[in-house]
Amino acid sequence: MSPGLHLRARWREVATTLAGVALLAFGLAELYVPLAGYVEGQGPDLAALSAGWLAVLTVLLVGYALAVAGCTSYPRAAAVLAGACFAAQSFTPVLPEWPVVPLLALLAACFGCVAVGGRAAPTVAAVSYFVPLGIENAMAGDSDWVFILFVGLAVFGPGYAVRMRRAQAARLVALAAEREAAARTDERLRVARELHDIVSHGVSVMVLQAGAAQAVLDSDAAQARASLDAV
């Protein structure tokens, strides 16, 4: 990996880690510092939750934060973790449709999975998105699949575009590396041909001079010595 790409990857990891920390802090504020009229009377009273449910929701918040923090380093695992936490929260008094953190974490993890994951990443992201939302819809008694599909397209579409752009950039890098390797091979062959020509010429001169020295060795010792000096 080139230094520029390595630095970019490091910055991406730092950014996602900070996003995970920020999401965790906001989620904890949602749980432990309930705002008046936060859900306009539609959701459960967060202040009335028992300590056990608060502990469960806190663990789920940590899972959401880890999913966001690792959505580029471990994209498929992050999507699965976010989906599992979302599905698990559907069985708590606080459904994941009320707080902001669960849906944001799920969308971010699925986006990262599609954008930077491997070959099976789009399938993993789709399952991690639609299955938990289906469970949540069943628990809440809703059937707003139009909204779910719209949000899914809004996330998966840009994620897939990023995926294609990254693939194209990887192909360009590989093509540049192939061209560089081919240029190096051509240069080695050129140097080898030149070296072969030089050595062949030198050997030919040596053979001629040796033959000349042998021819005049008995009749002209000085000439024979000059030929041997040339060799």
Visitor: Hey, quick one: are W145 and F147 part of the same hydrophobic cluster, counting side-chain heavy atoms closer than 4.5 Å, chains of contacts allowed?
Guide: yes
Visitor: Following the transitive rule for hydrophobic clusters with a side-chain heavy-atom cut-off under 4.5 Å over Ile, Leu, Val, Met, Phe, Trp and Tyr, establish whether V155 and M164 coincide in one cluster.
Guide: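 Same cluster: V155 reaches M164 through Ile, Leu, Val, Met, Phe, Trp or Tyr contacts under 4.5 Å.
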Visitor: With side chains defined as the heavy atoms from C-beta onward, is the minimum distance between E187 and R190 less than 4.5 Å?
Guide: yes
Visitor: To the nearest 0.5 Å, tell me how far L66 CG sits from L23 CG.
Guide: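 One finds 11.0 Å between CG of L66 and CG of L23.
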Visitor: Would you say the side chain of V14 lies within less than 4.5 Å of the side chain of L18, judging by non-hydrogen atoms?
Guide: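 They are in contact (side-chain heavy atoms under 4.5 Å apart), so the answer is yes.
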Visitor: Applying side chain to side chain contact (heavy atoms under 4.5 Å, CB included) to L24 and V62, what does each step give before you reach the verdict?
Guide: CA-CA 6 Å; L24 176 62; V62 174; 4.2 Å; yes
Visitor: Count the heavy atoms of every other residue, nucleotide or ligand shown that sit under 6.0 Å from CZ of R184, and state whether that count exceeds 12.
Guide: no
Visitor: Is it true that, when you exclude F130 itself, more than 12 heavy atoms of the residues, nucleotides or ligands shown sit nearer than 6.0 Å to its CZ?
Guide: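 Yes, the 6.0 Å shell around CZ holds more than 12 heavy atoms from other groups.
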Visitor: With rounding to the nearest 0.5 Å, note down the distance linking OG1 in T92 to CE in M139.
Guide: 9.0 Å
Visitor: May I ask whether V199 and V207 are part of the same hydrophobic cluster, defined by side-chain heavy atoms of I, L, V, M, F, W, Y residues being less than 4.5 angstrom apart, directly or through others?
Guide: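 Yes; tracing contacts between hydrophobic side chains, which count when under 4.5 Å, links both residues.
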Visitor: Could you list the donor-acceptor pairs under 3.5 angstrom formed by side chains in residues 111-125, with sequence neighbours left out?
Guide:
none

Visitor: Measuring only between side-chain heavy atoms, which start at C-beta, is P96 closer than 4.5 Å to S90?
Guide: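 Contact flag for P96/S90 side chains = yes.
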Visitor: Report yes or no: do L106 and Y74 belong to one cluster of Ile/Leu/Val/Met/Phe/Trp/Tyr joined by side chain heavy-atom distances under 4.5 Å?
Guide: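 No, L106 and Y74 fall in different hydrophobic clusters.
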Visitor: Would you say V80 and F91 are hydrophobically clustered, going by side-chain heavy atoms of ILVMFWY under 4.5 Å?
Guide: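 Result: no, two separate clusters.
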Visitor: Is the number of heavy atoms from other residues, nucleotides or ligands within 6.0 Å of CD (Q168) greater than 12?
Guide: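 No.
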Visitor: Main chain of G70, side chain of S73: is a donor-acceptor contact present, judged purely on distance under 3.5 Å?
Guide: no
Visitor: Going by the side chain to side chain donor-acceptor pair (under 3.5 Å) test, which pairs reach into residues 48-61, not counting sequence neighbours?
Guide: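 As it turns out, the side chain to side chain donor-acceptor pair (under 3.5 Å) pairs with a partner in residues 48-61, which skip direct neighbours, are Y32-T58.
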Visitor: May I ask you to check whether over 12 heavy atoms, not counting those of F156, lie within 6.0 Å of atom CZ?
Guide: yes
Visitor: At what distance, to the nearest 0.5 angstrom, does CZ of F26 lie from CG of L61?
Guide: 11.0 Å
Visitor: In this structure, is the centre-to-centre distance between the rings of Y129 and F86 below 6.0 Å?
Guide: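 No: the rings miss the under 6.0 Å criterion.
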Visitor: If we ignore hydrogens and angles and just use 3.5 Å, is the side chain of Q89 paired with the main-chain N or O of V94 as donor and acceptor?
Guide: yes
Visitor: Under the ring-ring contact (aromatic ring centres under 6.0 Å, His included) rule, collect the residues that match up with Y64, sequence neighbours excluded.
Guide: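 Y64 satisfies ring-ring contact (aromatic ring centres under 6.0 Å, His included) with no residue once adjacent residues are dropped.
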Visitor: Might you work through the side chain to side chain contact (heavy atoms under 4.5 Å, CB included) test for I148 and N137, ending with a clear yes or no?
Guide: CA-CA 10 Å; I148 293 174; N137 265 10; 3.2 Å; yes
